[in-house]
Trainee: 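Okay, handing you the structure first.
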Amino acid sequence: MTIEHALYLHIPFCQHRCAYCDFTTYAGQDDKIPAYVDALIQEIELVAATKEIAAKSIFFGGGTPSLLTSNQLASLMDALCANFDFVPDIEISLEANPGTVAAVYLQELHEIGFNRISFGVQSAHPDDLLLLERIHDFLGVVQTVHNARQAGFKNLSLDLIFGLPEQSLSRWQETLRQTIRLHPEHLSIYALTIEEGTPFGHWADRGMIPLPDPDLAADMYEWASEFLEKNGYTQYEISNWAKLSSSGKAYTCKHNLQYWHNLPYLGFGVGAHGYTENTRYSNTPQIKKYIKRLSQVELGDSNFEFPFSPAMTFQEKIDLKTEMSERMMLGLRLTKEGVLAKPFQARFGHSMQDIFDKEIDELLKLELLEWVGEGDLKALRLTHHARILGNQVFHRFVS
Ligand code: SF4
């Protein structure tokens, strides 16, 4: 049986490194893009040669995938298409920086086969965008969304960040109001986290920027949640909201749902992670090393077994207990669906209560978890007020 996987391609290039970013991405390395695209194609071919895989979703993430030319993206798509079976309603997403995409480029993306774009908007306010060192302004976002619609995209996602230094509740509210006027089908909303090793981390250590106020951030999240529900968006994950299509189907992100359902995915590219056949793995985070390792192997000469390629630098086997813990931690992120009882039992041969009796009992008493639904729809999920306290719940399930 061909097992459906989500496929992730990492594009580790950015025009400028934003002050808060700790992703695997590099500025000033664009001269390596052509060799990197060749290496990615090589990795796709090597991995696909070891097993027949059906692709359920494809996600080009970064970094800034929209820094690749449409020809480069088309060759990657050709390689994917030639090496994997695509399910009929496959979701193919690309993350784009609103400051880097012209109208004609968006048309080319649509022709290549992309059917979903996720734009990193972050804020509608110029002071926030300046602080984050983003290269776009909100007018550019409005124009880009218009161009994407003209190009034929019917599924757009916009990312926003809240809890920024000096960001007031009213400024955040204005960002949300302006953003939904663009009618995106999907919204991802994240609280700023200040990561060590980033410029934001250094500035916060030296007291040069105020640390995010957790109470204000909680108010922002709560307000966003109510505002978006009132405006036709359904929250389906801690940080994600989606509209319903006219046929009643939600514009939830199929690719990310694969992660939250703890189902298999393959990662290609620098720093990419994969999880399949009870194995988790990741690739080298260095572009030069990645290109070198892949350029030294010929298709057919590789001794690597599925799902590994020469770029892999880490692998671990996931035992059943860990898999069940991860199923709980990831599934509880799904605020509407939660973790369904019957599929859990069918997948693991044990009920959730068999394995996590004590943890579930404690969290029910603390009113952080609740049972909802009946029969096939019976599920355990976060209570409304636990959405902002997710980490306190998830760590209880760590084995
Ligand atoms: S554009 Fe995105 S990936 Fe690139 S540096 Fe900025 S936050 Fe990081």
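Every number for a ligand or one of its atoms is a count from 1 in the order of the listing. No hydrogens, no waters, no symmetry mates; every other heavy atom, side chains included, goes into these values.
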Trainee: If the condition is side-chain hydrogen bond (donor to acceptor under 3.5 Å, both in side chains), which residues does Glu195 pass it with, not counting sequence neighbours?
Mentor: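 With neighbours one apart ignored, the set is Thr193.
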Trainee: Say you draw a straight line from CE of Met328 to CD1 of Ile355; how long is it, rounded to the nearest 0.5 Å?
Mentor: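 That separation rounds to 10.5 Å.
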Trainee: For atom 8 (Fe) of ligand 1, state how many protein N, O or S atoms fall inside a distance shorter than 2.8 Å.
Mentor: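 My tally for this metal is 1.
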Trainee: Could you tell me, atom by atom, which parts of ligand 1 come under 4.0 Å of a heavy atom of His16?
Mentor: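 What qualifies from ligand 1 is 5 (S).
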Trainee: List ligand 1 atoms under 4.0 Å from Arg134, heavy atoms only on the residue side.
Mentor: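 Counting atoms of ligand 1 from 1, those under 4.0 Å from Arg134 are 1 (S), 2 (Fe), 6 (Fe), 7 (S).
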Trainee: Hydrogens and angles aside, do Arg333 and Tyr236 bring a side-chain donor and acceptor to less than 3.5 Å of each other?
Mentor: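 No, because no side-chain N or O of Arg333 sits under 3.5 Å from a partner of the opposite role on Tyr236.
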Trainee: Centroid separation under 6.0 Å, is that true for the rings of Tyr36 and Tyr290?
Mentor: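 Yes: the rings meet the under 6.0 Å criterion.
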Trainee: Sub-3.5 Å donor-acceptor pair from the side chain of Gln235 to the main-chain atoms of Thr335, do we have one?
Mentor: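 No; zero donor-acceptor contacts below 3.5 Å.
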Trainee: Is the Phe200 ring parallel, tilted or perpendicular to the Trp203 ring (thresholds 30°, 60°)?
Mentor: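 Geometry flag for Trp203 against Phe200: tilted rings.
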Trainee: Look up atom NZ in Lys342 and atom CG in Asp376, then write down how far apart they are to the nearest 0.5 Å.
Mentor: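 So the NZ of Lys342 and the CG of Asp376 are separated by 4.0 Å.
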